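Below is one structure; the comments refer to it alone.
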There are 2 protein chains.
Amino acid sequence: MTGARWLDDREQCAWRAYLAMNARLTARLHRRMQDDSGLSLADFEVLVCLTDQPDARVRIVELARFLQWEKSRLSHHLTRMQRRGLVDREGCPEDARGSFVVLTAAGRRAIERAAPRHVAAVRELFLDRITGEQLDTLREIAERVLPGLEVE
Amino acid sequence: MTGARWLDDREQCAWRAYLAMNARLTARLHRRMQDDSGLSLADFEVLVCLTDQPDARVRIVELARFLQWEKSRLSHHLTRMQRRGLVDREGCPEDARGSFVVLTAAGRRAIERAAPRHVAAVRELFLDRITGEQLDTLREIAERVLPGLEVE
DNA sequence: GGGTGGTAGATGAAATCTCAACCACTTGGA
DNA sequence: TCCAAGTGGTTGAGATTTCATCTACCACCC
């Protein structure tokens, strides 16, 4: 046998459509965020994680786990964000190896300016174009698929 | 007003689930392709476009349009793929500014080796985990959203 | 013929991401 | 106590992507 069974038309068509939507949607959202807030989507994700915390601080490990980024990527990225004044690092008393990332005032201003525009873009380009049932199905799909994707 | 209306729970939940699925699924597919075929997903996309052509050649412009890549990204990427022997460039007689990319024998071998494994991974990680109706809905979503994402 | 504007593609520098070490510290024994 | 293995985080080099610019050519108009 030449290997696994190929995709049939229905599968192929859906899979390609999904890939295309993904690529274009991400690209558009990224460009828009960049243009009107000066942040990348990656910056934004980091800032969102920080604002999700009650005290706007997270352990770097935890952030890496949540974002599923390689730790070196995160470290480099934080260095750049720190250079731009969006976040800061602080030592961790409980574990001298560790560090916290902290949201700065400028970081908070940046995400507070960016978030509403981003939400508007997500609505305009995506949510407003599909029905509530479709949205629910999408969530169901994601919830079914996600557990199979965890790393270890 | 502080800007657009925020996402409600249902929207927020679905949107985040979708983003998470995306990120993790892409990461897993990428790693698997890299590990067992030595190609990146980007390489693969380029090779797929080439094999979709009857004569395994495409104008670079057309490839850029289809992949929606910046032309400089494509140019650099093709240079690297050419260095690895996966593709070649050829001049274009009809328009002396233009070029063709051509699939080499090694490029064909590479994609023929990679494709079945990739399909298997897509099945295992995604298609096998959702129902036919869900897949159809996903296609419908993509088809609704895509037209609003075209560039100009 | 000689502009002028637009298109195809390449190029170099800067930003970002990955990969493989590395260092400092913690943890869990023997 | 001391050592080996593991963890949290950084670093530098190489690969990839973006951004701005450049060259060569086409198409059209004068």
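Here is how names work: the chains are called A, B, and so on, in the same order as the sequence lines, proteins then strands, and each is numbered from 1. Computed from a prediction, not measured in an experiment: that's the story for all the values here.
Checked by atom type and distance alone, the side chain of Glu11(A) pairs as donor or acceptor with a backbone atom of Asp8(A) at under 3.5 Å.
Annotation: ring pair (Phe, Tyr, Trp, His ring centres under 6.0 Å) contacts of His76(B) (sequence neighbours excluded): none. Applying the side-chain hydrogen bond (donor to acceptor under 3.5 Å, both in side chains) rule to Arg108(B) yields no partners; only residues at least two apart in sequence or on another chain are considered. Among residues two or more places apart in sequence or in another chain, the side chain to side chain contact (heavy atoms under 4.5 Å, CB included) test is passed with Asp9(A) by none. Taking Gln34(A) as the reference, nothing meets the side-chain hydrogen bond (donor to acceptor under 3.5 Å, both in side chains) condition, with sequence neighbours excluded.
For the contact set between residues 56-64 of chain B and DNA chain C, defined by any heavy atom under 4.0 Å, the members are Arg59(B), Ile60(B), Val61(B). Residues from residues 78-89 of chain A that place a heavy atom under 4.0 Å from any atom of DNA chain C, listed by number: Arg80(A). Sorted by residue number, the members of residues 91-101 of chain A with any non-hydrogen atom under 4.0 Å from DNA chain D read Arg97(A), Gly98(A), Ser99(A).
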Could you give the side-chain donor-acceptor pairs of residues 12-23 of chain B under 3.5 Å, partners two or more places apart or in another chain?
unit_1	atom_1	unit_2	atom_2	d
Arg16(B)	NH1	Asp52(A)	OD2	3.3
Tyr18(B)	OH	Asn22(A)	OD1	2.6
Asn22(B)	OD1	Tyr18(A)	OH	2.6
Asn22(B)	OD1	Asn22(A)	ND2	2.7
Asn22(B)	ND2	Asn22(A)	OD1	2.7

For residues 88-95 of chain A, run the donor-acceptor check on the side chains, cut-off 3.5 Å, and write out each pair with its distance to 0.1 Å, sequence neighbours left out.
unit_1	atom_1	unit_2	atom_2	d
Asp88(A)	OD1	Gln82(A)	NE2	3.2
Arg89(A)	NE	Gln82(A)	OE1	3.0
Arg89(A)	NH2	Thr79(A)	OG1	2.6
Glu90(A)	OE1	Arg57(A)	NH1	2.5
Asp95(A)	OD1	Arg97(A)	N	3.0
Asp95(A)	OD1	Arg97(A)	NE	3.0
Asp95(A)	OD2	Arg97(A)	NE	3.4
Asp95(A)	OD2	Arg97(A)	NH2	2.7

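Pairs passing the ring pair (Phe, Tyr, Trp, His ring centres under 6.0 Å) check and including a residue from residues 27-66 of chain A, sequence neighbours excluded, read Phe44(A)-His118(A).
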_Intermediate values then yes/no, side chain to side chain contact (heavy atoms under 4.5 Å, CB included), Leu125(A) and Val145(B)_ = CA-CA 7 Å; Leu125(A) 297 176; Val145(B) 171; 5.9 Å; no
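Within the 4.5 Å cutoff, side-chain heavy atoms of Leu127(A) are placed close to those of Leu7(B). The side-chain heavy atoms of Thr137(A) and Glu133(B), taken from C-beta on, include no pair separated by under 4.5 Å.
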*Encode nucleotides 18-23 of chain D as B, S and - characters from 5' to 3', where the letter depends on protein heavy atoms closer than 4.0 Å: B to the base, S only to sugar-phosphate, - to neither.*
BBB---
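From the 5' end on, the contacts that DNA chain C makes with chain B at under 4.0 Å to a non-hydrogen atom open and close at dG6(C) to dC19(C).
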